[in-house]
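In what follows, every chain begins at residue 1, and chains take the letters A, B, ... in the order their sequences are listed.
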Amino acid sequence: QEVVLRFSNWLPPTHPIITQMIEPWAAEVEAATEGRVALQILPALGAPGAHFDMVRNGVADIAFGVHGYTPERFKLTEMVELPFTSENAQVNSIANWRTYQQFFMDANEHEGTHLLGLWVPGSYQLFTRAGVETVEDLDGLRIRVPGSTVERIATELGMVSISSPLTEAYDQISRGIIDGMFQTYSTVRDFNMAEHMPVVMAVPGGFAASSQFLVISDAAWDRISPEDQAAIDALSGETMVRQFAEVWQAQNAAAVDELVEGGLTQIELSGEDLEMMQERLAPIWDQWIADANERGVDAEAAIAFYQEQLDAVAEELGVERN
Amino acid sequence: MTVMLCALALLFLLLFLEVPIALAMLAIGVGGFAWIVDWGPAGYMAADTAYRTVHNFNMSVIPLFMLMGNLISRAEISKELFDLAYRFVGHRRGGLAISTIIAGGMFAAVCGSSLASSATMGRVAYPSMKRYRYDDSLAAGSIAAAGTLGIMIPPSVVLIVYGILTQSDIGKLFIAGILPGLLGAVLYVGAVVVTTAINPAAGPAGESSSWRERIVALRSVGSVILLFGLVIGGIYGNVFTPTEAAGVGAVGALAIAAWRRKLTPRILLETLGQTAIMSASIFFVLVGAQIFGNFINVAGFTAALNSFVNGLDLPAWAMMLVIVVMYLILGCVLESMSMLLLTIPITFPLILHLGYDPIWFGILVVTLVEVALITPPVGMNIYVLQGVLPKVSLRKMFRGVTPFVIADAIRILLLILVPGLALWLPGMM
Amino acid sequence: MAYSVASKALFPLYVLTSLCIVLLMGVSFSDVILRSLNRPIPGAYEITEIAVGAMVFAALPVVTLRQEHVRVTLFRVLAERYRWLDLLFTLVSRGVAIAVYVFFAWHLLRLGNQMSASGARAIFAGFPLAPFAWFAAAMCLVSAFATIFSRKAPEGDDPTEGMGEI
Ligand code: NA
Ligand code: NA
């Protein structure tokens with residue numbers, strides 16, 4: 001029998017997530033199941049932030065989404081959003097996936113769905129308007145923040161955080177209403193925002209990251225035969241995480257080169273400045289540990305394992321952690 | 001495809017049975033979605049879409065720009081705008097009709113709605129035209145046409161709705177509407193000139209004014225220029241986003257109405273309530289369109305239509321011509337906002353597929369909506385005018401708009417031939 | 001008679017929806033001003049979202065009762081000539097309206113329950129979101145009742161009233 005899975009896509013059809021991650025993966029699934037399971041990619045059936053619940057309620061069978069769009073909901077999964085992890089998307093994603101499996105899978109934050117994979121598209125660094133040169137310059141800077149973790153970071157650094165939807169944020173940065181935002185290199189390049197934000201302040205491992213997922217509903221999963229489920233599982237999990245994050249890493253690396261060539265000023269914090277930054281952002285970690293412990297996991301152990309894995313994965317892949 | 005065609009037929013049946021457009025689209029959208037997927041998912045999709053469409057930051061522009069227009073109407077500025085135009089062109093043949101067009105254009109610069117524009121202009125301009133023994137057809141036609149400028153010259157509720165539906169930049173759409181709006185006014189003036197040249201008795205000349213009187217009249221438009229400059233200048237000059245401009249514009253209009261002593265608490269509540277009701281009825285049609293769009297989407301209609309069009313192998317301009325003719329026909333039988341909301345989920349992916357610019361298409365569609373507002377048998381502006389001028393027969397009104405519909409046809413042709421008319425200004429932003 | 005009683009009963013909603021617009025205007029304007037002074041209102045954007053939503057749903061029963069929904073009136077002339085046609089129009093449009101309202105009331109209630117269970121909150125302002133879905137559900141239910149008593153609002157002083165929206 002044949003199973004056609006409705007994939008609701010809220011991104012432009014030409015976005016790398018679709019053309020370089022989802023579509024190739026769908027082709028592999030179709031090949032591995034000898035055509036019995038196929039993806040039907042439809043334009044969005046709802047808002048970006050609604051996609052997890054849309055899958056849970058059967059509106060779509062399968063969807064990609066961003067955890068940060070429903071803040072506090074995926075508290076444990078939010079670990080990867082913390083500062084100073086790894087700038088390499090692949091290293092960070094794989095270490096995060098292993099930690100999630102070992103420590104958080106049982107807490108079942110993705111209840112009602114079968115989790116196919118989790119990854120990050122690289123780290124957020126702080127992009128700002130011209131004239132920002134030192135850490136002191138950050139004081140009072142108007143920054144657009146996408147969610148609660150980043151808001152806490154901005155507040156700790158003495159910045160004025162302005163909450164706005166992404167669409168409005170582009171408008172605001174081009175009009176000088178805000179002075180900057182936490183973003184990945186590839187987003188800044190793809191949306192041509194570098195002309196308004198010609199300075200980037202970077203810390204090793206990044207200030208934060210945005211955690212992304214691919215889920216399939218339990219109901220749709222049950223329509224698939226056990227053999228085909230096994231075939232799909234073989235293409236999911238760490239295999240998928242490795243593949244998808246590799247695309248992101250390549251995107252980001254290319255974006256850094258392009259942006260620097262285009263005149264981006266990079267301020268890489270080190271020495272005293274970095275120490276001070278780490279000290280000021282330490283409460284963000286403590287807060288997450290407290291929240292996570294409340295949800296019944298061993299947060300300290302999870303973080304220790306995650307840090308260990310960050311180094312281990314970097315070594316496995318033969319790359320720098322940052 | 002069959003499911004889709006049955007659904008469309010059923011939708012039109014419900015519409016003609018006077019089921020509110022929003023509810024008809026909701027019923028067919030949910031039912032169709034359930035037919036293809038299931039009732040549970042259809043219910044969740046419907047509730048989630050309704051909740052999110054309405055609890056949406058970008059949507060706040062609609063009530064705020066509506067409020068701005070309604071407050072400006074209450075401020076009774078339109079009379080002075082008309083007087084100003086009259087001082088300059090009143091002594092010419094058809095001068096009162098031309099004044100109506102010019103005043104309508106100026107009023108449009110601070111009011112986002114076409115119905116409010118024609119109702120206001122009707123009250124202001126008709127008595128003068130009656131006094132100078134204008135032909136009722138010309139009088140009513142020029143008022144209805146002047147009203148249509150309200151949705152092209154920014155701010156414009158229709159452009160906002162188009163922007164929201166297609167996720168196009170509302171600021172760019174506004175700026176893009178300026179030149180085509182001015183062109184529309186010029187062509188309407190041309191229509192008056194030609195009509196009165198053929199039949200001079202239709203619009204006798206009025207008295208001429210001295211330059212002193214003209215200068216005095218100019219003072220009255222200060223507040224309009226100020227408000228337009230604040231809102232559109234603020235958007236164009238990158239001072240604020242269209243969403244913020246709406247809030248600033250509403251407060252500005254409130255200040256103007258209060259300063260001219262046109263607001264009592266009662267009138268204020270009435271204006272607010274009326275604004276809420278008018279915006280809410282738009283929102284529900286929007287929700288209906290979104291849910292209907294989700295059904296079209298899940299039915300695979302967009303993809304099917306695209307491959308059908310590819311199979312036809314027509315050049316892009318011929319497809320565009322088909323789209324324009326379809327809008328002109330629909331514009332005769334459908335109320336204009338519903339026409340926009342019903343068709344955009346189908347035509348927009350198509351024009352993107354054909355490689356047209358979304359901002360340009362927005363301006364073209366709004367021009368087509370303007371035509372729909374004045375073509376029989378369903379022309380909202382004409383119905384509004386009937387409320388204001390009960391003594392003029394519908395037949396005379398529709399005869400009166402004919403020259404203006406021809407002017408619009410010329411404008412549509414120019415827009416298609418010279419896309420720069422719409423795209424030049426936003427390109428300079 | 002029933003109409004005017006219903007109309008009075010819905011007056012608080014009329015005031016509520018008006019107040020929501022005032023809130024929208026106030027938040028939007030003061031956010032622009034305060035932000036230029038580097039003191040943005042925390043959660044201004046979420047307050048705006050809630051105000052728009054509450055405005056729309058509070059207006060729904062009023063819109064329904066006064067028949068301010070946009071509709072196609074192509075065959076109005078015919079319906080005025082033939083009584084049975086008018087009756088058909090009335091029955092079908094009210095039947096569909098009640099069915100749609102009850103359906104939405106039920107599913108908005110369930111949506112609210114899900115939001116409440118997953119603890120959905122406004123990120124910056126911090127308030128829970130479920131009550132607003134429940135409010136929307138309640139307004140749909142009230143609208144289903146309002147449908148029964150609905151009729152065209154008596155001629156007011158403003159000719160644009162009830163003439164659609166643009
Ligand atoms: Na306008
Ligand atoms: Na028409």
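Each of B/L15, B/T53, B/L64 has some count of heavy-atom pairs under 4.5 Å with chain C, and the biggest count is that of B/L64. Ranking B/L254, B/L26, B/T275 against chain C, the residue ahead of the rest is B/L26, based on heavy-atom pairs under 4.5 Å. Interface remark: of the candidates C/V15, C/L109, C/L60, C/L60 forms the most heavy-atom pairs closer than 4.5 Å to chain B. Most heavy-atom pairs under 4.5 Å with chain C, from the set B/L269, B/V161, B/V287, B/L67: that is B/L269. Ranked by non-hydrogen atom pairs under 4.5 Å with chain C, the options B/Y44, B/Y51, B/F283 are led by B/Y51. Listed options B/A27, B/A47, B/G150 were ranked by heavy-atom pairs under 4.5 angstrom with chain C; first place goes to B/A47. With respect to chain C, the highest number of heavy-atom pairs below 4.5 Å among B/L14, B/L17, B/L23 belongs to B/L17.
C/R94 CZ: more than 12 foreign heavy atoms inside a 6.0 Å radius. The environment of CZ in C/F145 is sparse: at most 12 heavy-atom neighbours from other residues, nucleotides or ligands sit within 6.0 Å. Within 6.0 Å of the OH atom in C/Y82, the count of heavy atoms belonging to other residues, nucleotides or ligands does not exceed 12.
Only the side chain of B/I291 comes within contact range of chain C, with at least one heavy atom under 4.5 Å from a heavy atom of that chain. Neither the backbone nor the side chain of B/S156 comes within contact range of chain C; no heavy atom of the residue lies under 4.5 Å from a heavy atom of that chain. With a 4.5 angstrom heavy-atom cutoff, C/T48 touches chain B only via side-chain atoms. Using a 4.5 Å cut-off between heavy atoms, B/I62 makes no contact with chain C at all. Both the backbone and the side chain of C/L129 come within contact range of chain B, with heavy atoms under 4.5 Å apart.
Between the side chains of B/N70 and B/T271, no donor-acceptor pair of N or O atoms lies under 3.5 Å.
Aromatic rings from B/F57 and C/Y45 are positioned such that their centres are separated by under 6.0 Å.
B/I267 is not listed as a side-chain neighbour of B/K262, based on a closest heavy-atom distance of 4.5 Å or more.
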Name each donor-acceptor pair under 3.5 Å that joins a side chain in residues 95-106 of chain C to protein atoms two or more places apart or in another chain, with its distance.
unit_1, atom_1, unit_2, atom_2, d
C/Y101, OH, C/T64, OG1, 2.8
C/Y101, OH, C/H69, NE2, 3.0

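Considering CD of C/Q67 and OG of B/S281, their distance stands at 13.0 Å, rounded to 0.5 Å.
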